[in-house]
Amino acid sequence: MSIRAGQAKAIAGPCPDEPGPLIAKILGDSGKTRSHAEYPISITSSADSWLYLELDFGKIVAGFVRLDVEAPEGTILDLHYRERPLSPSAPAPTGAEGMRYIARGSGDTYESLELAGLRYIYLTVRAPHAATVTINRVDVREHTYPWQGEAAFQSNDAQLDALFLAGIRTVQLNSFDAFTDCPTRELRSWVGDGVVHQMVHLTTNADWRLARQYVQLADSPRPDGLLPMSVAGDIEHSGTFTIPDYSLHWIHAVHNVFIYAGVEAAQPHLPTVERILRWFAAYTDPHGTLSDLPEWNLVDWSSIFTTGRSSILTALWGRALLEFADMSTQSENSGSARWALQQWEAAKEGFESFWDENRGTYIDHILEDNPQPAASQAAGAAAIIAGFVPAHRLNRVAEVITDPRSLVVRSWIGGDDGDYDEERIDQQAKGIQYIDWDVHREIVRAQPFFSYVVHDALAAAGRTDLIIKGLRSWQQFLQDGYDTFGECWGWGTTVHGWSATPARDLVQHILGVTPYRPGFQTVRIAPRLGGLKAARGVVPSPAGAISVAVNAAQLEINSPLPIVVVREDNEEIHLPAGTHTVSMA
């Protein structure tokens, strides 16, 4: 931890109630002096000077802030938490992101009652009279959900290896008694975000309790059947509008539990799944696709269109219908399975309206029977994972939606200064969407959250090489000491769980380790190196760790479970539990 200490000229008047503006003013005070320091730090405080500390933990941490100070009774210590450094030129921060401690005069050690996420702590100390103030320690007792097992990923590409570790770290910093948005800004449990957290847990953590608890916690439907956009907090309590597509991501999470933990683990949630799907069915149009859905159809922070007939919402619904049919069949509920497949067939037939033959992908939406030109990664990828794309188109769509010559990054609410843009947010709330890219030629890239769908689509198309190329973008987050993934491309928080798909991708799509059938009684190993020379890893399972090492010539396996190896030509090789070497040539 880096510490800078100094003396700042006191600001006239009483201490502000919020530490942020105070710190910003001190930073802009030309009279301040700072130098690197080590604990304990002592300074003689007077009525016209304050002790000032800037602590840099070197990366994002989450836990309980602890103080150990020696100061006269009544001394005020203000702590301001930041995930990025403050700058004199930056706007004064608002909000009470931190805490105030008032010294009792003896035994002044304290640990915060509430959890905080931060990288920087800015602290000011003001004594009531001239006195010596000593800061013995300010630190954070990190507190996150424990990771168990020996998950690992290594390859001939050190950058990919770093992404694996960063994905785990990002989710760990958002795993407490629930999956959270981000520890530095809000500890809400968003229903849609959690599907990425869950998949990282299932593929890298031997403890699946929180992965299953996420599904249980979010199974809290409104009277109409949809889930709140955030549960166990103020948003659910207020009964406000919701994000309909978040319920569809939750259905995918139920299916993940079905695949990893078995039919019995998913069955209690199937009535809620069916109610959600039937809510969407009420908005099908004569084409079998979804049109004019109410509420907030967020999907992703990228600049996509969901008004009118929506390809993206229809495709997400299509994936959920297939997954529900799968779970219903395994639960011997043939009637519900048949209904879901009938809805899916009708949607698939109508979905052809979104195909743009000239561009080789699917457009976002249709307004009043007029196809609109805007196209996005989200539309093409969602079409693939829904099973709506004919086999002969798969490779073409995969290449079109990942072509760097046409991809652009756009967001309706993201700013150019690394944070949200309040003006754009206001415009979006009013339904104003300014197009500042060539909608006839360019394709809007998915933000990190929806990229999990994009990568699933590329895997389904047999293009793991494109997944690896896409993963390189996550390297932009691992700069200046940060070892976590940020919320969006170029803006947002620096530690957002919904961005952690690289950790999952490297296990499921590159090493190719997944359950062969629901319940993980047999492991499926289908490595797809996608241009890598070699990769190895350790993946948790209910029976213990599965070790895999693969190169172009051979695959080495050590598994406590029976094995099905799927070679690139889709030939299946069935093996008993144990150690095996399989030729990949």
Side-chain angles (χ1 to χ4, degrees), residues 1-11 14-90 92-105 107-112 114-142 184 480-481:
M1 180 173 63
S2 170
I3 308 171
R4 287 200 293 178
Q7 192 168 357
K9 184 178 179 181
I11 297 171
C15 288
D17 289 334
E18 299 177 355
L22 171 64
I23 294 294
K25 194 165 186 178
I26 289 174
L27 280 173
D29 178 9
S30 59
K32 71 181 184 306
T33 59
R34 287 181 292 166
S35 60
H36 289 281
E38 294 182 0
Y39 294 122
I41 302 170
S42 297
I43 191 169
T44 300
S45 175
S46 62
D48 62 352
S49 67
W50 293 355
L51 172 64
Y52 165 76
L53 289 183
E54 177 187 282
L55 287 72
D56 178 3
F57 289 82
K59 62 181 182 179
I60 299 292
V61 295
F64 301 100
V65 177
R66 300 185 294 193
L67 292 173
D68 183 349
V69 303
E70 298 172 28
E73 180 181 1
T75 298
I76 296 174
L77 298 93
D78 279 326
L79 288 81
H80 181 55
Y81 309 151
R82 300 282 296 182
E83 62 177 34
R84 293 189 180 92
L86 277 169
S87 167
S89 60
T94 59
E97 298 168 328
M99 69 175 182
R100 168 172 288 179
Y101 180 81
I102 301 177
R104 63 170 66 92
D108 283 301
T109 59
Y110 176 78
E111 181 172 290
S112 64
E114 294 186 346
L115 214 144
L118 54 92
R119 172 169 172 172
Y120 297 89
I121 294 180
Y122 293 89
L123 181 148
T124 59
V125 181
R126 186 177 191 182
H129 52 76
T132 298
V133 176
T134 300
I135 308 296
N136 293 317
R137 178 69 57 178
V138 180
D139 62 12
V140 175
R141 178 174 66 86
E142 192 154 277
T184 59
D480 301 322

Novice: Rounded to the nearest 0.5 Å, what separation is found between the CZ atom of Phe64 and the CZ atom of Arg141?
Specialist: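 One gets 5.5 Å once the value is rounded to the nearest 0.5 Å.
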Novice: Taking only residues two or more places apart in sequence, or in another chain, which ones meet Asp108 in a side-chain contact (heavy atoms from CB on, under 4.5 Å)?
Specialist: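 For Asp108, the residues satisfying side-chain contact (heavy atoms from CB on, under 4.5 Å) (neighbours in sequence not counted) are Val69, Tyr101, Ala103, Arg104.
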Novice: Applying the side chain to side chain donor-acceptor pair (under 3.5 Å) test to Glu70, which of Thr75, Asn136, Thr134 qualifies?
Specialist: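 Among Thr75, Asn136, Thr134, the one that satisfies the side chain to side chain donor-acceptor pair (under 3.5 Å) with Glu70 is Asn136.
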Novice: Run the side-chain contact (heavy atoms from CB on, under 4.5 Å) test against Ser2 and tell me which residues pass, sequence neighbours left out.
Specialist: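 If we apply the side-chain contact (heavy atoms from CB on, under 4.5 Å) test to Ser2, skipping adjacent residues, the hits are His36, Asp56.
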Novice: I'd like to know if the side chain of Tyr122 and the backbone of Pro85 have a donor-acceptor N/O pair within less than 3.5 Å.
Specialist: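 Not confirmed, Tyr122 side chain does not pair with Pro85 backbone.
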Novice: Nearest 0.5 Å, please: how far is CZ in Arg100 from CG in Leu79?
Specialist: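 If I round to the nearest 0.5 Å, the distance is 10.5 Å.
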Novice: Working note: Tyr39 + Asp68, criterion side chain to side chain contact (heavy atoms under 4.5 Å, CB included); need CA distance, chi angles, decisive distance, verdict.
Specialist: CA-CA 10 Å; Tyr39 294 122; Asp68 183 349; over 6 Å; no
Novice: Report, as yes or no, whether the 6.0 Å neighbourhood of atom CD on Glu111 holds more than 12 heavy atoms from other residues, nucleotides or ligands.
Specialist: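 Enclosed.
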Novice: Start with the C-alpha distance between Tyr110 and Met99, add both sets of side-chain angles, then the distance that settles side chain to side chain contact (heavy atoms under 4.5 Å, CB included), and finish with yes or no.
Specialist: CA-CA 11 Å; Tyr110 176 78; Met99 69 175 182; 3.7 Å; yes
Novice: Looking only at atom types and distance, does a side-chain atom of Ser112 sit under 3.5 Å from a main-chain N or O of Glu114, one as donor and one as acceptor?
Specialist: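 Confirmed, Ser112 side chain pairs with Glu114 backbone.
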Novice: Check step by step if side chain to side chain contact (heavy atoms under 4.5 Å, CB included) holds for Leu53 and Ile3.
Specialist: CA-CA 7 Å; Leu53 289 183; Ile3 308 171; 4.3 Å; yes
Novice: Under the side-chain hydrogen bond (donor to acceptor under 3.5 Å, both in side chains) rule, collect the residues that match up with Arg66, sequence neighbours excluded.
Specialist: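 Once residues adjacent in sequence are excluded, the partners of Arg66 under the side-chain hydrogen bond (donor to acceptor under 3.5 Å, both in side chains) criterion are Asp139.
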